[in-house]
Amino acid sequence: MTTSSALSKQYDPSDVEPRWRRFWQENNYFHADDASPTIPYAITLPPPNVTGSLHIGHALGSTLQDILIRWKRMSGSNAMWMPGTDHASIAVHVLLEKELMRAEKKTRFDLGREEFMKRAWAWKERSGSRINEQEKLMGFSLDWERERFTMDERSNVAVTECFVRLYEEGLIYRAKRMIHWDTASQTVVSDLETDDVEEQRSLWEIAYPIEGGGEIIVATTRPETMLGDSGVAVHPDDPRYTDVIGKQVILPLTGRKIPIVGDGILAKMEFGTGAVKVTPAHDPNDYDCGQRNHLEFIQVIDLHGKMIAPAPDKYVGMTVVAARKAVVADLEAAGVLRDTKPYKMTVKRSQRSGAVIEPMALEQWWVKAAPLAEKAVAAVEAGKTKFIPEHEQKTFMHWMTNIKDWCISRQLWWGHRIPAWHCEKCETIMVARTAPSECGTCGGSVHQDEDILDTWFSSGLWPFSTLGWPEKTRALQTFYPNSVLVTGPDIIFFWVARMMMFGLHFTGKVPFKTVYLTSIVTDETGAKMSKTKGNVIDPLQILSGATLDSLLERVDAEKPLDPEAVKKALRKNFANGIPQMGADALRFALARLSTSGAGRIKLNVDRIVENRNFINKLWNATRFALGNLDGFDPERFGGAAQRELFGIGERWILSRLQAVCTAVDTALEAFAFSEAANAIYHFVYDELCDWYLELSKPHLAQVEGDPVKAALRHAVQGVLATCLETTMRLLHPFAPFVTEEIWQKLPKKPELPGSLMITVFPRADQTFVDPEAEAEMQLVQDTITRCLMLKGTYGVPPAQKVEVEIQIPNPAVRSAITPHLAAIAYRAKVTPALRSETAPMAGAARAMVGADVEIVMPLGGLVDPVKETERITKDIARADKEISSIAARLGKPDFVARSPADVVAENRTRLADEQARRERLVEALAILGGGAA
RNA sequence: GGGCGUUUAACUCAGCGGGAGAGUGAGUCCUUCACACGGACUAAGUCGGGGGUUCAAUCCCCUCAACGCCCACCA
């Protein structure tokens, strides 16, 4: 009964993953000690919004972070990964309010602030725990003891402290300005929180009669705002209008008189008629124009997007859209509508609620951004924070150097209430850490500001508020600045910029030394994943698998714009559902897809299957090893005497193992996740499984009474176990579950720790680096491959042994290959005979390995002389092409004179090899002609 | 309008100054005692177009084109 028979042929993640999740948790391996003397390495997880559950983008970012954290932890650092969630003020509002309207036909105002907050907290609990659950399923080694929430007590303290200090420093102020008003969510949103959506609208041309005769024609996309017009602007240098500037026009539908002003900033001579209506209360550019020209400020649209007085009674109460229709009809009836043209324009919509933004002038709280941004710019210029990929730094710097003040107040409820109190008698506003009992100026009673803060205000403090700031904690001292921030490029302005500004301002240090920006995960067509498109893939569906039916069911729950199209796509792309992949396969796939440069990852289930297959391959390699390791004693392995026994295969694979260790470590230092993962992938497939496992087989047979063979067997067992054990350590940051499972099963020295995740990350051992073995092995591999090619070409079943002559005139090459004939025989399933000269053979197929080795396989009647001639002729043509290209290069005096000596030497060698090879191919062709005759 | 990115085998994508690579797919063969979520072999590329720098360019520079992203503006 071997061990392997106890392991199933297919790796089953659902059996393995829960066990190790529990084991790691119970042993508290994820916790970092504030007081540890080792080098700290800290990452703060970008806190997911408590709006729902994690999507594949989170899975990507967090996987990369866990790779870094586990790698650094194993490399001896005090690695700390801070978990937490974000209250996501407006995002939660939109969800809750939609739900409230659907289920109870109520607005949040019907419900009241207190009840609404209760529901928001309940929502937060549900969503937060679902997110934690997902993070645990993915195997993320987050330091759960430290878990935080942006609206927990300690965060509230930090937010208040930050606000009060900025206010006291004059960096937070109140001002009335044009802002973006979201009529659906009933709040201000910042300029970053709007989307430009292209829509087909109309451009209307309206004639405004001029007092004393004539008319002036203005063009507009928003005729309803004319009810609030307080002027008409023309360019002061426009010859068409020089004599009307200063005159009054009579505004149709209202009869109000408004002036014609000259304003070269607002009015462009070349656009339309060159005359533009000015509505200072409802357009940002008109607002500025109004200020410049002292025009009246006439508000005709209210906060709900409905018309109000002084618009004529007829329109009052209409929505903006209804009023637009009515105004157009009335203008037409009045005979002043001159033209209606279809017009494509971009409309600003609220990113969260989707409502059309109404520009309004309202008093709000602002952060003066320029002084904060200056410090961030200086820090980045000084290289204190680096961006990867590098070009993202330009994006950051461009925004930072053109930054506008940040509107931080929101008229929402779910969030941090602004720590400001208004006197009910006088104008005094008091900003304080604790609520004042009365007005400091007049002693009147006070009430707290109703507004809350933009959700990014608390996020901006996250790297240090989570470590205890404003207190001077040990954690802050140890883990701040963080080592790296891993996040998506879509939130550079929202979040990275704010953390840089706040971090530098409040702590005097950058919040992180490196910003690694991940790719955006898209669907297989390259479209961004979004719930409205219905192309979102849930990481859990990949982890555990999903049937087509369950995927289709989800569509209805998510309510995309076009459910039938989504279902059709699902039926096409996931006809058989999604198979269970396991966390390791998903993680490894994401790491391998994370290359620099390209900003997006087109997620394709096939690419994950590829990596699930890799995990399975590893699993089966282990089954093979465990079935052949009986009698192996790890404590008896590793001495110098053992190394004496190593054959070419052992020396070669151990040398390759050192190379892969170096490659992985180097790649991770450079955040080249895919390079690191690919190095392991290719080592496991191409070297360990394809070659070493096969080469080891003949030596692993049970031997009795032959101490020499028994010692060799033990050495081979040791190499096999070493390769696997080292591979598990290398791969562990990428695929923690399967590696822990395998590692625990492998025989190893008793002094090793109880879990793979706290072993030491592999470093190359130079004493095993063996270029000679690698070169020799290459020759053996090529010889075997050529034998297999010949057998394949003539349809010889791979398992059928055939005789083969290996003709090598070069004595050095011949003696190099001699010790490996057994390996060649075993691997290629041939019976080889070595000859020191080229010799003709009737009915034989021939092939070259490099310039020195010729494989001659007598296949009798199987050999088709026509086919064989064709093949060899093709080989000669290939050689000719090589020869002429290299010869041409070497023929140029400049090449020989100006390129490095080793390049010239290498070209000379290659030329000589190709020429020798060609000679022998020509010879082979001649022999074929003779032999076949 | 400004900025950035991408363009390499049928598909998805690595590579980025000195011999064109991977996975998938295709074809041929193999149910060989780790694995068919497997193995062996084969075919398949003017490395987007044009110009330049260099002894040498898929790689650097210029230019054009297509696609994509971000920012600004839009009476």
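Heavy-atom basis, side chains included; hydrogens, waters and symmetry copies ignored. Please read these numbers as outputs of a predicted model, since none were measured by experiment. Chain naming here is simple, since letters A, B, ... match the order of the sequence lines and numbering starts at 1 in each.
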Is the phosphate of [N], meaning OP1 or OP2, less than 4.0 Å from a side-chain N or O of [X]?
X        : N     : result
A:Lys697 : B:A34 : yes
A:Lys528 : B:C70 : yes
A:Lys394 : B:C70 : no
A:Arg910 : B:G19 : yes

Heavy-atom count check: over 12 atoms from other residues, nucleotides or ligands less than 6.0 Å from A:His398 NE2?
no

What contact category does [X] fall into here, base, sugar-phosphate, or nothing, at under 4.0 angstrom with non-hydrogen atoms?
X        : result
A:Tyr343 : sugar-phosphate
A:Tyr685 : sugar-phosphate
A:Glu694 : base
A:Thr273 : nothing
A:Arg201 : nothing
A:Pro900 : base
A:Ile520 : nothing
A:Ala275 : base
A:Thr221 : sugar-phosphate
A:Glu392 : nothing

Should the side chain of A:Lys9 and the base of B:C35 be counted as holding a donor-acceptor pair, with the cut-off at 3.5 Å?
no

Tell me if a side-chain donor or acceptor on A:Asp405 pairs with a main-chain N or O of A:Ala369 at a distance below 3.5 Å.
yes

Salt bridge flag under 4.0 Å for residues A:Glu205 and A:Lys341
yes

Between A:Asp913 and A:Arg910, does any NZ, NE, NH1 or NH2 come within less than 4.0 Å of an OD or OE carboxylate oxygen?
no

Reading RNA chain B 5' to 3', how would its secondary structure be written in dot-bracket notation, given Watson-Crick and G-U pairs with both distances under 3.5 Å, brackets [ ] for crossing pairs and | for partners on other strands?
(((((((..((((....[..)))).(((((.......))))).....(((((..]....))))))))))))....

Hey, could you give me the CD/OG distance between A:Glu914 and A:Ser884, rounded to the nearest 0.5 Å?
10.5 Å

B:G19 and B:A57: how far apart are their C1' atoms, nearest whole angstrom?
14 Å

Rounded distance in Å - CG (A:Leu693) to P (B:C33):
15 Å

Aromatic A:Tyr826 / basic A:Lys829 pairing, under 6.0 angstrom, 45° off normal
yes

